[in-house]
Amino acid sequence: MGLEKLLYLQGVGAEFINFSGQNIRIPTQDREGVLRCMLDKLVDTRGEIDAGYLARRIHELDAKPWTLGLHGFQHTYLDEPEVSLYLPYGYQDELTLRILSESGCLFSLSVLPSDMRIVGDYHIGKTQYLHYRLSLLKLIPVDSVENSNGDTDTGIELQADSPEVMEANNRRLGLGYHSAELIAGTHRHSGIVMMAPRQAFRLSDIDSAIDSNENSVSKTRPRSWGVSIQLYSLRCDSQWGIGDFGNLTDIIDLVAAHGGDFIQLNPLHALDIAEPEQVSPYSPSDRRRINLLYIHIQGVPEYTQVKSKLQSDEFESLRRAINIDNWLDYPQLTQLKYRAFVILYQAFSQSDSIKTSVRRQAFDDFVHREGQALTQFVEVESAKAGDDLPKDLNFYRFLQFVAEEQVCACQAYAKQAGMSLGLIRDLAVGANPEGVEVRQNPSQFCLSASIGAPADPFAPQGQNWGLSPLEPLSIKKDNFQYVTSIVRANMRHCGALRIDHVMSLLRMWWCPLDENNGQGAYVYYPVDSLFAILCLESWRAKCCIIGEDLGLVPPEMDRRLRNAGIYSNQLFYFCKHSTGFMSPGEHKQDSLMMLANHDVPNLAAWWSTSDLHLRRQLELIDNDEALGDALNGRELEKQQLLSLLMGVGFIDKAAVVDSLEYEALLEAWISASALSRSALFSVQLSDLIGDIHSVNIPGTWHEYPNWQRRLPISLSAIKESPKVKLLLERIRAMRNSEDEQV
């Protein structure tokens, strides 16, 4: 009984509904194995459960919180602000709650226990403790206190009709992370009270801001659309071996010229400087930092000072040679770009012009703002860097400064070009266990397990992604500061953030590294607090949120996403019912509809079935008989797609699969899908140009060069392509249409 209680308190799940709707009981030995991953002290020297430790741990998690008058962190909502307090039964004296807001305003409220609502109780021995809820509506402003910047301005740009402003006008506590103190007799308890909105920032809030600024009457906006890209895959003659932020502005020009609202990006997270062959953007070294290989060298201000060096015969020869290949050579391009980075940094360090002084001040401000987290990152980067690179920490700080500067410029450029959203960034679900993020914050992670997923039709053997899981109780003990820092870093300079595997806010499948600890189990997270943090940070950054909810999604999660105003993420290939593909009018409205993503084949590969033959070649399909079954299934799906396109009027009803020209199919597929009732719609750049190569083949690592394929044609050719222009205009027309196909 004690062990079962501890499993519950630590969040180790007992059962789940699998992909086929069956209720699966997780074996006890697997659950205990995950618990051992969490708690090194659980087992004694004989390998048995330590009964004393078990009892102490249960007391710490179950009983002790009732003895703390005010917990270290709690969230509440702007429309119904209240806090939880804990007192022993029979306490009758007056209590005082003092809250210092982020903006430096001090609030106070004195109450008697009888003024509060009792919502629970707990006995520890003979003592009964009561859980009270105290409304904050009667908080009284006491004084104005300067914040850490010496003023009372939070630095947050507010809309005139935002919840924060309305509450400030009512002299109530607004949104934010506020310091709280409970005074109960001689006892004082302190904590953080986070005030959050019920919903995240949404597309309609962008329109409200525009309407407010222009004093105009709101008009119905066309359904938003954009193009998704793998930034590294873009190619042009002036590159240093990889797509960069300069190329991103070229794509912005193209899409904005046709009325597009956004560019959807792969994760921009920093990769491991010492392991350039580890290239997956979903297995990063640090999600709070940017991949420096995306820096546009010619766009760095110092480039003009060292142009002659970087355009020398040697550099030009190396740059041209590395640009020829269709596959990225990460070790070589990393070496080449870092040589250029050193020269740029030397120019930054040595110049003393007035213009440079302004830039150095911006650099100093960046370093100060990023603080210890940046210092920790660059310390590891410096230690891992090869002997041919500087050990000067400011070299690595400078590069992060430049990368941040260029992302910011890209977002500003997109907005100036008329895009309503601009960039949509992507947040990976985890980090590489050998990377900076995990190494510098080991207390926030479980280092004895990795995350993945149980078996489903997409991966019958289950999945293990090799990423360290965040430890639920540790992130809570840290008052969610670490988690918040990740969210904030990725909401910068973008109009929306796609959260990969958003189910991780509720639960994650943990895979023990030691096989003796079993096959894994679900571990549950403080989902309410995590959603509240997302909603608050979303409003602060004016950033919409898209939750990637593909795969095994509990009904509870679907409800939470809707209630929090977080957009779902649909994938065309998966939007099916028993008779075929869903019509555009059946798609979820509050969603991003993607025709394809990095884990599924491009339409050209899907239609030709080359993806299935490649999977057989890689032995992901075990035998020829299984390949035959897959091919038969694909022929049925192709006919279902054709039926859909005929039904909505984009393909002649006399057409047949075998004789249909691919170009006609592509135009029809994109046109029909763009009619989706989804709030957001994206198509891959690789589909627009008819590329057949896969970005990533799940289940492979060395077997296939994932994340290394460059587009087969240059950016200039794409921008001049009549086919691409036609398809973008088709999307614009369909998204502007008031009709939704059902």
Side-chain angles (χ1 to χ4, degrees), residues 1-14 26-74 84-91 119-132 182 184 186-192 438 441-449 468-483 507-508 510 512-514 516-518 520-530:
M1 183 62 181
L3 185 58
E4 185 62 34
K5 186 170 186 177
L6 183 57
L7 285 164
Y8 169 78
L9 293 170
Q10 292 279 163
V12 183
I26 301 174
T28 301
Q29 61 268 28
D30 289 345
R31 298 178 68 213
E32 291 182 12
V34 168
L35 188 62
R36 288 189 178 95
C37 292
M38 295 174 165
L39 303 172
D40 293 335
K41 299 178 181 178
L42 181 64
V43 178
D44 61 23
T45 55
R46 299 169 298 171
E48 302 294 331
I49 299 293
D50 187 323
Y53 176 80
L54 182 67
R56 292 192 300 273
R57 184 65 177 173
I58 290 174
H59 176 82
E60 179 184 358
L61 298 179
D62 196 36
K64 186 177 178 181
W66 289 85
T67 69
L68 305 175
L70 180 70
H71 288 179
F73 180 96
Q74 60 180 295
S84 286
L85 303 178
Y86 299 85
L87 298 168
Y89 177 82
Y91 188 93
V119 295
D121 71 317
Y122 188 94
H123 284 81
I124 302 177
K126 296 182 179 180
T127 304
Q128 182 182 18
Y129 289 85
L130 300 179
H131 176 190
Y132 293 91
L182 174 66
T186 59
H187 298 283
R188 290 174 179 259
H189 305 275
S190 61
I192 294 173
V438 176
N441 302 275
S443 65
Q444 299 297 301
F445 294 88
C446 176
L447 305 181
S448 300
S468 296
L470 285 168
E471 212 289 323
L473 296 180
S474 294
I475 63 174
K476 187 175 180 180
K477 186 178 180 180
D478 181 52
N479 294 336
F480 299 96
Q481 293 183 80
Y482 176 71
V483 171
R507 68 184 189 186
M508 279 300 303
W510 283 28
L513 300 184
D514 185 346
N516 294 324
N517 283 329
Y522 273 116
V523 173
Y524 285 78
Y525 287 78
V527 60
D528 293 323
S529 293
L530 292 173

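In this text the structure is predicted, and so the values were computed from the model without any measurement. Heavy atoms only: backbone and side chains are in, while hydrogens, waters and symmetry mates are out.
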| query | Heavy atoms, side chains only, cut-off 4.5 Å: are Val12 and Leu6 in contact? | reply | no
| query | Can you check whether Met508 reaches Val523 side chain to side chain, under 4.5 Å on heavy atoms? | reply | no
| request: Identify, with sequence neighbours excluded, every residue that meets ring-ring contact (aromatic ring centres under 6.0 Å, His included) alongside His131. | output: Tyr86
| Do Gln481 and Gln444 come close enough that some side-chain heavy atom pair is under 4.5 Å? | no
| Closest approach of Tyr129 and Trp66, non-hydrogen atoms and distance? | CD2-O, 3.3 Å
| So does Tyr524 have more than 12 non-hydrogen atoms from other groups sitting under 6.0 Å from OH? | yes
| For Tyr8, what residues pass the ring-ring contact (aromatic ring centres under 6.0 Å, His included) criterion, not counting sequence neighbours? | none
| message | So Asn516 and Arg36, do their side chains get closer than 4.5 Å, heavy atoms only? | response | no
| Is the closest side-chain heavy-atom distance between Gln10 and Arg57 below 4.5 Å? | yes
| query | What are the two closest heavy atoms between Glu60 and Lys64, and how far apart are they? | reply | O-CB, 3.6 Å
| task | Quick one: pull up CG in Asp528 and CD in Gln74 and give me the separation to the nearest 0.5 Å. | result | 12.5 Å
| task | Taking the side chain as every heavy atom from C-beta outward, state whether Ile26 and Val34 have any pair of such atoms under 4.5 Å apart. | result | no
| Residues that Tyr482 engages under ring-ring contact (aromatic ring centres under 6.0 Å, His included), provided they are two or more places apart | Phe445
| remark: Between Leu447 and Leu513 the two heavy atoms that sit nearest each other are O-CD1, 3.4 Å
| message | Side chains of Ser474 and Ser443, heavy atoms from C-beta outward: is any pair under 4.5 Å? | response | no
| query | Closest heavy-atom contact between Asp30 and Gly520? | reply | CB-O, 3.5 Å
| query | Do Leu530 and Tyr525 come close enough that some side-chain heavy atom pair is under 4.5 Å? | reply | yes
